[in-house]
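All values derive from a computational prediction rather than experimental measurement. The figures that follow rest on heavy atoms only: side chains count, while hydrogens, waters and symmetry mates do not.
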Amino acid sequence: MMPPSVQQTLRASRLLALVLLAVTMLVGALGLPAHAVEPVKISRDDTALDLTATTEIYTGRGEAFQVSTAPGTDGIVRRIEVRATSEDHQGDWAVFALANVSEEQIDRVIVAPHFRLVQSKLFWPDLGAKRIISITPSEGFALDRQPSEEADVFRITLNPGSVVTFVAELATPDLPQIYLWEPDAYKDTVNAFTLYRGIVLGIAGLLAVFLTILFVVKGTSMLPATAALAWAVLGYICVDFGFLSKLISITAGDERIWRAGTEVFLAAGLVVFLFTYLNLNRWHAHLSYATLAWILGLGLLFGVAIYDPPIASGIARLSFALTGSVGIVLIAYLGFNRYDRAILLVPAWALILVWLFGAWLTVTGQLNNDIIQPALGGGLVLIVLLIGFTVMQHAFAGGAYSQGLFSDLERQSLALTGSGDTVWDWDVARDRVVTIPDISIQLGLAPGVMHGPARNWLPRLHPDDRDRFRATLDVLLEHRKGRLNHQFRVRAEDGHYHWLSIRARPVLGANGEIIRCVGTIIDITEQRNSVDRLLQDALHDNLTGLPNRQVFLDRLQSVLALTASSENVRPTVLTIDIDRYKQVNDALGIAAGDNILIALTRRLRRLLKPQDTLARLAGDQFGLILMSERDPAKVADFADAVSKAIMVPINFGGREIILTASIGLVSWVDQQEDAAGLLNDAELAMYRAKKAGGNRVEPFRPAFRTFGADRLQIETDLRRAIERKELSLVYQPIVRLSDAEIAGFEALMRWDHPKRGNISPTEFIPIAEASDLINQLGLFAFDKAASDLMDWQLQTGELPIFVSVNLSSAQLLNNELYNDVRAALAKTRCEPHKLKLELTESVVMENPEQARLILNKLKDVGLGLALDDFGTGHSSLSYLTRFPFDTIKLDKALVRDTSDKRPVLLRSVISMARELEMQVVAEGIESEEDAIELGNMGCEFGQSYLFGPPIGYDSVQRLLKERFPLMKRA
């Protein structure tokens, strides 16, 4: 019978076996490995051990993880459970075990690098990340993390003879490498690589700066491409060596973006360098298009790198391989064609291919050591260094070395060849003309047709040039001196004539006779055509082809000179101005307006006889000298026919356009009158017809001359009015439609003439715009409005109102407008956001680009900008997006429209404005019902006589005190 102690021991052993069996069955049911971790034995002499192969990775196991430990010294396998400590944990774990087989305590560090180029893959590469969140040992507490920007480092201490299992909480399922280092050895290795990296970074930085400076000094096209490649290499090395993290604070996720971005930059830099250095655009245009598409594709990868760095990096690495392959083909092809640049690039490209092969072996894992990654970074710097030498060798070749290489005769020959001129050589003794290269080919003739005797040229010459050509050669031979400088026309094979210019000098023989005449012959057809076009444009309108105003006056003066000697010469002058042409031009566009003018020109020409003259005097104004009719009745019939011809409908873009004209007519009666005076009388009659409503023929009467005098007098009086401060502003209220409260005012100008009383702005504003007075009037209105607003605030207190001031086209095109506005704001101390500038769409259209620049500057100051009269003209939506308007003023024609489409149009415009965060002001509201309807549509403000007429400064002040009594200062 066994002793009791032995029986207890057996019972405990059986119980332990049962427990282990149960655990094994439970583990199998849960799908967990049942075997224990095999420990890695460590002795004191082990400096560095690679734990990657012995580390077991478990993915998708959740926040709680159980695993069997390695058998301890007592041979027992235990279980440990670890829970996740971070939100970044995705249920991935790593397990490894270490056994201290020495008799001493051992200190080590566990190192898991964030990024390894080795086995990072070509497609969808692993660009690095934080690998280990924490490590929990089977004995003791969680390991302490050591500070490091490039790896996850944990310090461990192993007691003599201990076996410890470690469970690592992973931030990613990938763990490319995990090392066990002796602390001092790891520190020495890091320091050694730090020194190496510093040297490589310094060389790369110096190369980039040097090549950039060289580009600034030399300026050849290949240098900026080389400098860009050097900067790309520097950027890649900064990220790969961890230098970027020392300059700026970046996370592991940001580092992946930077790494992918620099790889894309490097790939693009290599493509640009290859294209620029080999000057591929000189070989074939398709190469330029393909390279441009390639570079644009790589440029798009920068955006991809932000959202998916692995995809961008993979495509960039593929681009490296393609660039290397394409480079081999191009260099081989161009090298066999003896292109010196391709030959010089062979050593550098061979080094690039070696680097690409080593990089491929590395990313696929066939090269696997800790030195290969920094070695590849150093290889990039070496490549740039060799490329830099190659580029400098080519860029500076032929400098001082080539000075004095050629003789004077060779220089002259090279200069003649470089100019592209054709040599013209006339052997006088044999009467044989030779051109080098053959000019016959340039004229489309068979080779050698223009070679031979000089007389063979005569049939090809223009009939008007033949005698002059023959006479020029005869004079040269007769005088035996001078130079040949002759221009003539030669008929090409297609029937067109080419202008040729010969410049040559004779060569005399021993007897003093001309034996040869040598010089150059060039095709000057384009130059002559350009001169002809310039002369045509100087005398004719380039749109209609009609004579311009100057030619019209010259012809009229010539006709008037004949009136004294011939009774049959009695001219009649008509000036024709198209009514409302500007509105048609604004509505349909400039191209449509030009086509309409061309159509009207054709119609008017059909009415003329050979002795009559039609000219275009201005934009939509024509002049006509009628010589074919003298009888007053027939002249009147002719003028009526002109008016009817213009009124014939014109179909354009599916629309029927009917135009009318204001026609002024004057017949010659005074021998003392000159052409300018006669035309001026006709224009006065035309202005009278236009003032009467247009669409009429108005014969000139002497009383019309007072109209021009009145216009000049108004301009003179307006200048004095500005000096005497006779001008003033009135303000029309702008109210909020929601509560009928005053929101602002529009400033309107008034002129109280001391003799003529109040003069309407519609009368003096156009005169001011035609002269240089509009800028002064505009500055006065802006300055006065700002000053009045500040005065009201001083009397009443801070007011929630604004003041709008109109802006004309002449002001908008004035370069000093911005400075004048800032000066006025500084003087009045008015807040800019309380002032709005109103301008119409037609004002912006006169010069859209300059208008956009000036309006942006005014907007930056803080001024509001309102688009006035919206609903007329184009009402183009592009102006709402291209220009910084914040307010739309609906034209009263749109507000008062009685058609069924009115509500739809208004609701659409108002909704669009609100979507663009713009305010809407409706002008011309006639009834309270319209105001309520517009308010319900979302229109914020209204302006019309329904809410009040324009009132003066004092009236505005009283109104504000009544409306805003609580705004008064204490």
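- V433 is listed as a side-chain neighbour of W424, based on a closest heavy-atom distance under 4.5 Å.
- Not a single side-chain hydrogen bond (donor to acceptor under 3.5 Å, both in side chains) links T613 to another residue, sequence neighbours left out.
- The two residues S667 and T572 have their closest heavy-atom pair at OG-OG1, 3.1 Å.
- At a threshold of 4.5 Å between non-hydrogen side-chain atoms, the residues F638 and L608 count as touching.
- In this structure, G593 and Y581 approach most closely via the heavy-atom pair O-OH, 2.9 Å.
- Listed by chain and number, the residues in a side chain to side chain contact (heavy atoms under 4.5 Å, CB included) with A636 amount to none (sequence neighbours excluded).
- Within 6.0 Å of CZ on R505 lie no more than 12 heavy atoms contributed by other residues, nucleotides or ligands.
- Between E698 and I663 there is no side-chain heavy-atom pair separated by less than 4.5 Å.
- By the side-chain hydrogen bond (donor to acceptor under 3.5 Å, both in side chains) test, T575 is found to be paired with no residue, residues two or more places apart in sequence or in another chain being considered.
- Residues passing the side-chain hydrogen bond (donor to acceptor under 3.5 Å, both in side chains) test with E629: none are found, sequence neighbours excluded.
- Judged as a ring-ring contact (aromatic ring centres under 6.0 Å, His included), and not counting sequence neighbours, the contacts of H462 are Y497.
- Between the side chains of H451 and S440, no donor N or O sits under 3.5 Å from an acceptor N or O.
- Evaluation of the salt bridge (charged side-chain N to carboxylate O under 4.0 Å, His left out) test over residues 442-453, restricted to residues two or more places apart or in two chains, returns none.
- Looking only at side-chain heavy atoms (C-beta outward), I502 and N485 stay at 4.5 Å or farther from each other.
- For the salt bridge (charged side-chain N to carboxylate O under 4.0 Å, His left out) condition, no pair includes a residue of residues 444-453, sequence neighbours left out.
- Partners of D620 by side-chain hydrogen bond (donor to acceptor under 3.5 Å, both in side chains), not counting sequence neighbours: none found.
- Within the 3.5 Å criterion, the main-chain N or O of M450 finds a donor-acceptor partner in the side chain of W457.
- Annotation: side chain to side chain donor-acceptor pair (under 3.5 Å) contacts involving residues 591-612, sequence neighbours excluded, comprise D612-S628.
- In this view, P571 and V559, L560, T563, V569, I625, M627, W668 satisfy the side chain to side chain contact (heavy atoms under 4.5 Å, CB included) rule, not counting sequence neighbours.
- Applying the side chain to side chain donor-acceptor pair (under 3.5 Å) rule to pairs touching residues 630-642 yields N568-R630, D640-K644, sequence neighbours excluded.
- The two residues Q621 and D577 have their closest heavy-atom pair at NE2-OD1, 3.7 Å.
- Considering only heavy atoms from C-beta on, R503 stays 4.5 Å or farther from I521 through its side chain.
- In this structure, the side chains of L600 and I646 come closer than 4.5 Å at one or more pairs of heavy atoms.
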inquiry  = Quick one, S662 with D579, criterion side chain to side chain donor-acceptor pair (under 3.5 Å). Give me CA distance, side-chain angles, the key distance, then yes/no.
reply    = CA-CA 6 Å; S662 299; D579 298 328; 2.6 Å; yes

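- D427 has a carboxylate O that lies under 4.0 Å from a charged side-chain N of R516, or vice versa, which qualifies the two as a salt bridge.
- Listed by chain and number, the residues in a ring-ring contact (aromatic ring centres under 6.0 Å, His included) with F469 are H486, F488 (sequence neighbours excluded).
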request  = Quick one: do L458 and R470 satisfy side chain to side chain contact (heavy atoms under 4.5 Å, CB included)? Show the steps, please.
outcome  = CA-CA 8 Å; L458 295 179; R470 185 189 298 110; 3.4 Å; yes

